[in-house]
Structure formats: structure tokens, C-alpha cells
Number of protein chains: 4
Amino acid sequence: MRTGRPRDPLVTQRALAATWDLLSTKGYSALRIDDIATSCGIAKTTLYRRWPSLAHIVVDAVVSRIGDRTFTPTDDPVADLRAVSSMLVQSVNAGKDSWVSIALSLHEQSDSELRLRYRERIIDPVRELLAEVLERTALAGCLATTIPTDQLADMLIGGTVYRLVFLHSPLTEDEVTTIIGGLLTAR
Amino acid sequence: MRTGRPRDPLVTQRALAATWDLLSTKGYSALRIDDIATSCGIAKTTLYRRWPSLAHIVVDAVVSRIGDRTFTPTDDPVADLRAVSSMLVQSVNAGKDSWVSIALSLHEQSDSELRLRYRERIIDPVRELLAEVLERTALAGCLATTIPTDQLADMLIGGTVYRLVFLHSPLTEDEVTTIIGGLLTAR
Amino acid sequence: MRTGRPRDPLVTQRALAATWDLLSTKGYSALRIDDIATSCGIAKTTLYRRWPSLAHIVVDAVVSRIGDRTFTPTDDPVADLRAVSSMLVQSVNAGKDSWVSIALSLHEQSDSELRLRYRERIIDPVRELLAEVLERTALAGCLATTIPTDQLADMLIGGTVYRLVFLHSPLTEDEVTTIIGGLLTAR
Amino acid sequence: MRTGRPRDPLVTQRALAATWDLLSTKGYSALRIDDIATSCGIAKTTLYRRWPSLAHIVVDAVVSRIGDRTFTPTDDPVADLRAVSSMLVQSVNAGKDSWVSIALSLHEQSDSELRLRYRERIIDPVRELLAEVLERTALAGCLATTIPTDQLADMLIGGTVYRLVFLHSPLTEDEVTTIIGGLLTAR
DNA sequence: TCGTAAACGAGACGGTACGTCTAGTCTTTGG
DNA sequence: CCAAAGACTAGACGTACCGTCTCGTTTACGA
């Protein structure tokens, strides 16, 4: 038997919208739970009833925002690979509202369930998409290396992130083209 | 004219030792400036006289600890590549006292000088070492790809970090062997 | 025409019983509306439908519990005075479930109707009883002072309360005997 | 050895002044620790370093404000009694900044040391003053009752407080005159 | 040898955000 | 319309931590 006042679905919606808004405006490190509450007119207690911490809200906000990316492959695996790689670089380098900075902040988070959720909804889809495209490229005989495609995907994503986060010089589209070129068999 | 009481050189030493100790025990996110001060018996004021912020202390602590890695190359570039790759994986996966988590936390840091210092002392050496070894491997004609060696280095390091930080399943030695194998020309 | 579900008379009863129970167990300052609701299995909404605030519930609980004290006077006014005084001291010093602490908390209450109700049901009866007995004592010529009897009653009750609340050393039975003795004419 | 930065005496001063100000403006029940902090420009943390709770600040504020009342007796004990009684009534009925409401709020306070401090500095002086004057009146043979003077003092103060807090009809100067008159021997 | 200027230890201070608590209101389902 | 359950608003609370400040004390150097 369901009883009691049901949770207002608008609350979740408004909270996540406000969170996303603040996130892309000020960035994760400047995100304050009170600001979220104020900006969407929801009491802090209500936020804490639904999410155990700020990090949980953020994960949900990102998930609800960019969780449903789709890519419809063509029958040219090489073209697909170039397209997906380009998308990858753009999304990583997107700035304050990149999924990367949230992933970084989750690394030290003790709540493994939260990390898992973010990984399954945000990180894995990108990885799987890239790995698939690489796999199809390999099956088409266009890949010049025998490195397993999923590890190749890790290296491509990792490389992009590394350039941004560690070296602070984001990977450019040209460089991606070079790298992809180096991965393909000469024709 | 230098006058006044000279700075006690032991202070820096003790502070960095204590910082490193706490860092490897509790991890960066649980590091508190007061804890450092207490654990080494140095006043917080003294710490702030020498370092402008907690992050600076941490950077120095890491630098003084693992800043002097050396690798003496042999005349077998392939063997060197395998050795360096193995070292890389170990250092990334080292745990709480890995240089990786500090690098992550510096990403959002506004002080670019600090980031630069960490990069020059900690991040770049690893990268350059790997790039060099890759370059020598390429010159020896053993590399199966035309991707520029420095970008290959980024991908290798980035991939390792990505596995740890994003996927929370550290790269294993076996997997490195596979990857390196895929990079080399068949004999 | 009265329609709909009739109010369950047991609800009021259970609520007041639970309130009184918590009141005498934990005291007024530790009384929580949610605790009352939980402990008697009544929804908070239901409580608020019947009483406008926590204070109102408490007042009703006390009224229903100790609102019906009776004292049947004898034809010996001095003996009556001694008996009533003794009762007074006992009720004031009763502990956590004394009517005194509720009276104190009502002092700052804005709802004057509520205060009035408590006064009429709890405070005034005691006062009037004492004043009456004093009056009869005076008429019998046994009172050694010309202070009006109602003000004398105020002083007796006030003195007892003052000892408890302000000095935290409750008036003893012996002291009451002394005071009453001092009020009476020597024989 | 005294070490560390000494506490700024102005902090205490400013905090207590602000507390007293808010207390007499809005009353105890509307007193907020944040308001005190804001209104005197002192960080909340600093307040909590010096006083463990709001109640402690308030006690200190009242003590520092009205802790040093003096009364210089004349050689007419009856006149003194009338004067002191009048002062008593005025101070009890003073309104929001009366010492009475703070005393009431301390009743439920668990910290007995705090209660003791308030009693010793605020409550007892009034009581002792009144008891002394009564005693001198008795020695002069002007007292019409054999009730011990300290208990008489309790009754007078208690009666005044009772009228204010329980009956919400403060004792008037005229009534005090009547009561005092009733206590004195006819001439 | 003695003054002086900086280093140092200790801890107060301002400020910001956090997560918790509680009173009282609102909104459902079910009787 | 009542009752139960629980979501919701609003606002104060006390804590944690950072980086700064202000003392008294200590120590090397130069006058």
C-alpha cells in the first residue's frame, strides 16, 4: 500500500536543472548546496531527503542531462571512427560542464555505488561506443595495430583526458586526426 | 644585508616528511593543514611562511620524495620500453601516495605556477622518459605505428590513469605487456 | 448537516496520554511533536487538526490530567490551610511533570487564549483554593497579618515557585510549616 | 607560560553589548546566535570559542550589564524596605530585558554551573539585599510577622514574579505599598 | 656583548559551507 | 470528512577547515 504524500516529481526536475545550470556556469568546485536550494526554491532539507550529498545530486544532474547520447553508425567504419573521436575530444574539452571534472571529483569519493552509477551512465557509454567503432574498423581490416580495441579505446580517451587534466593543453582536432591516421592502415 | 634569525632547514624537512606520511596514510582528500602542523610540531604560521597554501606543501612533499627518479637506458630499446612501461603502471597504481591524485586535485587549482611546478617536476619527467624510449624504439625500427611518439606516450600514460581514476580497475602488468606487444613490429 | 467520517474520540485520549507520558518522562523541553505522533501512532496531521500547536496539546494534556483536583474543606480553617499549603508545595515540586514548567514556557507564548485557558484551568484553581482557605482563616481571626488574602496567596505560591525555579532548592515541608506558623496568631 | 595570540578583550565587550542590545530589543526567545555575530561583526566560531552556548553569552551579557547594582542603606529601615521593594517590582516588570525571563529559560538548562553563575551574580544579590533590609526592619521592631526574613524575601520576590509570569498582571506599586504596609507594625 | 630583526610556537580570529534538527503545512491514498 | 503517512518549507544550529592575525619567545648576525 502506497501512502503518504508522494514526492513531487517537479522537485527533482527543478533541482537537477538548477544544479546543471550552476555547474555549467560556475563549475563543480564552486557549486554550493545552498545555492542550488536557493536558485530553484527548494528547501535544503528536501534536497537532502532525496540525495545523500552534493555529489549525488551532481551525478544525477549530469546523468539526466547527457545520459542519452546516441550515435547511429554508418557503413563506413573509418568515417565513424573519425566522427566519434572528434565528438570525444569535444566533450572532454567542453569546459566547466565537462563530464570529466565530475569524474575526477568522484575518484576520492568513498561511496562506491555513486561512482558505479556515474561510470555506468556516463563513462562507459563513451568507452563502449568508441570500442565498438574501433572493433568494426578492425573487422574491416583497416586497423594497423593488434592492440585489443577496448584497450585502444582506453588509450584514446585517457590520452585526451591526460592532455587536458595533467598537461593543461587540450588535444586538438588536428592531433586527433594525426593519431587516428596513425592507427589506420595505409591505403 | 641578511639579518634576523635564519630559517631552520629542519623545518622544511620535517614538514615535508610529515606531509608525505599523512598523504600516504590517509590520502590527499583527508589531509589537513592542522594535522600536518600537529604531527610534526611545527606551527601553522611557520608552514604558511614557507608555502602559500596546502597545495604547495603537498607538491613540494611529492617532489622531494619522488622527484629524483632515474632510469639508465640500455642499448636494447624494446627492453627499455617494457621496463619503463612497467614502472609507469606501478607508480600510477601505487595507491594513496600516487602522484596521480595530487595531479587531479591541481587541475582546478587557480595557481598556474604551482601546476607548472608539479608538471615540470613530476609529470613531465615520466612523459619525457617514456617518449624518449619510444623514440629510440621507433628509430630502431621496432614500432608498428606512425603515431608521433610523444602522443603515443600521452596515450599510454593517459590510458593507465584512465583505468585507475575513471574505471577504478587499474591496468595490470599483463595488459601492459599486451599493449606494448601490439605496438611493436612482429619479428 | 454533519457528514463524512466522524472524529475518533480515542485519538484525543491517546494523544493526551502519550503527551503526558513523554512530558513526565523527558520533561517539556525535550518534548517533540513527532515523538508524540510516533509514540501513540497518530499522524501529525491529525494532531494539528485538533490542536493548533504543540503548546495547545501540552496544555490539554496537563488539564486533562490534573485539572480535577478537589479539596473538601473541614470546619477547621487552620488545619485546612496547613493541608492546602502542603499540597501546593508537593505539586510545585513534583518534578518534570509539574505544572510549573509548562506555565513558564507559556509566558513567552503569543497566543493569549492559550495562556488564559491554562491559567483558568490550572493556575487559578490552586490560587483560589489557597485564597479561600486564607480568607476563612482570616474570618476566624487566626491570621496575624492584614495583607489581603489573595496577595498572600500569590506570595505563598510565588515563594514556592521562586525557590524551585530561581534558587533550585525546593521549599521543604518544614519550611512551609514555619511560614504558616508565622502567619497565624499565637494562641 | 602564556602563549599564543591573546584573546581580544574587545571581542567579549562587543559581543556582550550586542547581545544585550538584541536582548532588550527583541527579547530572549527571538535571540539568534547568528544575529549576535552579524550585529557585532564577530565570527560565529569566535563566539563559540568563548561561550559554549547562546545561554552562556546571555548570562554573561546580563551579568556584565546589571551585575553591579548597589543600594546604600539609610538609617530608616522602613523607608529602605519601601525603596527596595519598589526597585524590585520595577526590575521584575522591566519588560524584555528583565532578568526574570533569562532566569526562566535557565531553569530547563542542563548546565548547572551556568545556572549557579546566574544565580550568584543576578538572583542572589537582589534576594540578599531584600533579606537584609527586612532583617534590619525586624531588628528595629517594625515587622509584624515572625516569618524568617529570608523566607519573607522569597515570598515578596516570588509573589512579584508569579504575578508577572503566571498571572500576566504585573504587581503594581500600590499593591506593594499595601503588602509592605501589612507587614509592618501599626504605630 | 648586546641590540635587532626575522623565525618560530601557540592559538585567536574571520569567513564559508556543511549537514542536521524541528515546527508547522501540504498532499496524497484509503476508510 | 477523518486518519495515516510522509513530503515539504523555513530557518537556526553547531562543526569543520582554511588562511590570517597577533602575541611572547628564541636565535643568529652585526654594531
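Just so we're on the same page: letters track the sequence lines, and every chain starts at 1.
Per the geometry, CZ belonging to B/Arg7 stands 15 Å off C1' belonging to F/dT27, to the nearest Å. In this structure, CG of D/Asp34 is placed 15 Å from P of E/dC18, rounded to the nearest angstrom. Look at CZ on A/Arg5: it is 7 Å from P on E/dT28, rounded to the nearest Å. If you measure from atom CG of B/Asp8 to atom C1' of E/dG9, you get 13 Å, rounded to the nearest angstrom. Counting to the nearest Å, the C1' atom of E/dA23 and the CG atom of C/Asp35 are 13 Å from each other. Atom CD1 in B/Ile57 sits about 12 Å away from atom C1' in F/dC18, given to the nearest Å.
Between D/Gly4 and A/Pro6, the residue whose closest nucleotide on DNA chain F is further toward the 5' end is A/Pro6.
Every residue meeting the side chain to side chain donor-acceptor pair (under 3.5 Å) condition with B/His168, not counting sequence neighbours, appears here in chain and number order: A/Arg115. Residues passing the side chain to side chain donor-acceptor pair (under 3.5 Å) test with B/Ser53 are B/His56, sequence neighbours excluded. Shown here are the side chain to side chain donor-acceptor pair (under 3.5 Å) partners of A/Trp20, two or more places apart in sequence or in another chain: there are none. Applying the ring pair (Phe, Tyr, Trp, His ring centres under 6.0 Å) criterion to D/Phe166, with sequence neighbours excluded, gives C/Trp99, D/Tyr162. When the salt bridge (Lys or Arg N to Asp or Glu O under 4.0 Å) test is applied to B/Asp35, the partners found at least two apart in sequence or on another chain are B/Lys26. Take B/Lys96 and apply the salt bridge (Lys or Arg N to Asp or Glu O under 4.0 Å) test, not counting sequence neighbours, and it matches no residue. Applying the side chain to side chain donor-acceptor pair (under 3.5 Å) criterion to B/Glu108, with sequence neighbours excluded, gives A/Ser29.
At a non-hydrogen distance threshold of 4.0 Å, nothing from residues 107-116 of chain B comes into contact with DNA chain E. For the contact set between residues 14-33 of chain B and DNA chain F, defined by any heavy atom under 4.0 Å, the members are B/Leu31, B/Arg32, B/Ile33. Of the residues in residues 37-52 of chain D, those with a non-hydrogen atom less than 4.0 angstrom from any atom of DNA chain F are D/Lys44, D/Thr45, D/Tyr48.
Distances from the side chain of B/Leu54 to the nucleotides F/dG19, E/dC8, F/dA12 place F/dG19 closest.
When the local axes at the two ends of the helix from E/dT1-F/dA31 to E/dG31-F/dC1 are compared, using 5 base pairs at each end, they differ in direction by 10° after rounding to 10°.
If you take SG on B/Cys40 and CG on B/Leu10, they are separated by 11.5 Å, rounding to the nearest 0.5 Å.
The minimum heavy-atom distance linking C/Val11 with C/Ile42 is given by the pair O-CD1, 3.4 Å.
Applying the salt bridge (charged side-chain N to carboxylate O under 4.0 Å, His left out) definition to pairs two or more places apart or across chains, those involving residues 42-61 of chain B are B/Asp34-B/Lys44, B/Asp60-B/Arg117.
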